[in-house]
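Small disclaimer: the values here were computed from a predicted structure and weren't measured. Letters go in sequence order (proteins before strands), and every chain restarts at 1. When reading the values below, keep in mind they use all heavy atoms of this one structure, side chains included, and skip hydrogens, waters and symmetry mates.
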Number of protein chains: 2
Amino acid sequence: MNIGEVSQAAGLPAKTIRYYEDIGLITPLRGANGYRQFTQAHLHKLAFIARARGLGFSIDQCRTLLALYEDRGRASADVKDLARTHLDEIDAKMAELAEMRRILADLVHACAGDDRPDCPILSGLAAPITSD
Amino acid sequence: MNIGEVSQAAGLPAKTIRYYEDIGLITPLRGANGYRQFTQAHLHKLAFIARARGLGFSIDQCRTLLALYEDRGRASADVKDLARTHLDEIDAKMAELAEMRRILADLVHACAGDDRPDCPILSGLAAPITSD
DNA sequence: GATAGGGCTTCCCGTTGCTGGAAGGTCAAG
DNA sequence: CTTGACCTTCCAGCAACGGGAAGCCCTATC
């Protein structure tokens, strides 16, 4: 397969696939014309990466996941550890966003949003909300 | 004030403040020795930016917020629009994270996490979960 | 006056994960 | 033979800084 075809099949832009080759995630063969040649195994790997990325795993985590995937002697505990680490990262991000959201929603709620200049949002940014 | 002092007072790394100058967010004066000279007004602006960044506003949004802040004739509706846009962005990110979290948590839950190689997490990544 | 230390300056590279674009080779169809 | 869709490489850039080098500046101490 050429890159266009795997791109379609894996749901990844060709640019991304070239990038993945650059950083050593996959290593397609080359045809006589210099075109990259992908096998079903390559496609399988790319789809694997695409899904892992879709779950928010970093490229480095994907690299580790791929290595575990291809290591038939792995312990599932290792995979689970990695996944749980990532789950914690997600939870941390969600908590951070929730906190932002909470404060921001309060400010938005307090703002009249009319044509007058008084704005609790700007005031809130100009000085932290002191509750005394 | 020198950069170290405002850095402390605004809670921003000196590097960040220099960067903000680079991109035109603030324009401190310069002393005879070439050192940046910050006024209380500069500090105020930096603290404003720091809080806006803390709420997740992009640099560009901060630029707009600053402009609105300094425009005494602004309409609070403009501020509210921007804030609401950002609120929507936060909601979108949270939804995306929640969806990742949901799937990932399922996979983690299904994984024994022992020394055997069978791993639903890897299987789930290798092929999407088909419920038929 | 020399020296040590801290703070300040600029400059340039690295990060993450790509994306866009230019300049050019290749291939199949008409 | 030409057109157009592929493919190739390389270079640049995004956000929002952070690290570190090389080199002034300022103050304190001896």
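A:Ala50 and A:Ala10 make their closest contact through CB-O, 4.0 Å (heavy atoms, listed as atom of the first residue, atom of the second, distance). A:Ile3 and A:Phe38 make their closest contact through CA-CE1, 3.7 Å (heavy atoms, listed as atom of the first residue, atom of the second, distance). Nearest heavy atoms, B:His44 versus A:Ala126: CE1-O, 3.8 Å. Between A:Gly113 and B:Ser76, the shortest heavy-atom contact is N-OG, 3.2 Å.
The stretch residues 81-99 of chain A has no heavy atom under 4.0 Å from DNA chain D, so no residue of it qualifies as close. Contacts with DNA chain C (heavy atom under 4.0 Å) in residues 46-58 of chain A: A:Arg53, A:Ser58, listed by number. In the region residues 17-30 of chain A, proximity to DNA chain C at under 4.0 angstrom, judged on heavy atoms, holds for A:Tyr19, A:Tyr20. Proximity of residues 34-45 of chain A to DNA chain C (heavy atom under 4.0 angstrom from any strand atom) is restricted to A:Tyr35.
If you walk DNA chain C from 5' to 3' and mark each nucleotide with an atom closer than 4.0 Å to a heavy atom of chain A, the marks span C:dG17 to C:dC27. Interface limits on DNA chain D: the 5'-most and 3'-most nucleotides within less than 4.0 Å of chain A heavy atoms are D:dC6 to D:dC10.
B:Leu87 contributes atom CG, which lies 11.0 Å from atom NZ of B:Lys80 (distance to the nearest 0.5 angstrom). To the nearest 0.5 Å, atoms CG (A:Asp88) and OG1 (A:Thr85) are separated by 6.5 Å. Put simply, CG on A:Leu107 and CG on B:Leu55 are 7.0 Å apart, with the number rounded to the nearest 0.5 Å. Considering CG of A:Leu68 and CG of B:Leu122, their distance stands at 6.5 Å, rounded to 0.5 Å. We find the CG-CG distance between A:Asp78 and A:Asp81 to be 6.5 Å, quoted to the nearest 0.5 Å.
Residues in residues 1-30 of chain A take part in these salt bridge (charged side-chain N to carboxylate O under 4.0 Å, His left out) pairs, two or more places apart or across chains: A:Glu21-A:Arg30, A:Glu21-A:Arg36.
Using a distance-only test at 3.5 Å, with no hydrogens or angles considered, no donor-acceptor pair links the side chain of A:His42 to the main chain of A:Val6. Side-chain atoms of A:Asn2 do not come within 3.5 Å of backbone N or O of A:Gly4 as any donor-acceptor pair.
The bend of the helix from C:dG1-D:dC30 to C:dG30-D:dC1, defined by the angle between the axes of its first five and last five pairs, stands at 30° to the nearest 10°.
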Throw together a table of side-chain donor-acceptor distances under 3.5 angstrom for residues 92-99 of chain A, partners on residues two or more places apart or in other chains.
residue	atom	partner	partner atom	Å
A:Glu99	OE1	A:Arg102	NE	3.2
A:Glu99	OE2	A:Arg102	NH2	2.9

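Under the salt bridge (Lys or Arg N to Asp or Glu O under 4.0 Å) criterion, B:Arg74 pairs with no residue, sequence neighbours left out. Partners of B:Arg101 under the salt bridge (Lys or Arg N to Asp or Glu O under 4.0 Å) rule, at least two apart in sequence or in another chain, are A:Asp91. Partners of B:Lys45 according to the salt bridge (Lys or Arg N to Asp or Glu O under 4.0 Å) rule, which considers only residues two or more places apart in sequence or in another chain, are B:Glu70.
No side-chain heavy atom of B:Leu125 sits under 4.5 Å from any side-chain heavy atom of A:Tyr69. In this structure the side chain of A:Phe57 never reaches within 4.5 angstrom of the side chain of A:Thr64, judged on heavy atoms. In this structure the side chain of B:Tyr20 reaches within 4.5 angstrom of the side chain of B:Ile59, judged on heavy atoms.
No option in A:Ile49, A:Asp71, A:Ile26 other than A:Ile49 meets the side chain to side chain contact (heavy atoms under 4.5 Å, CB included) test with A:Leu66.
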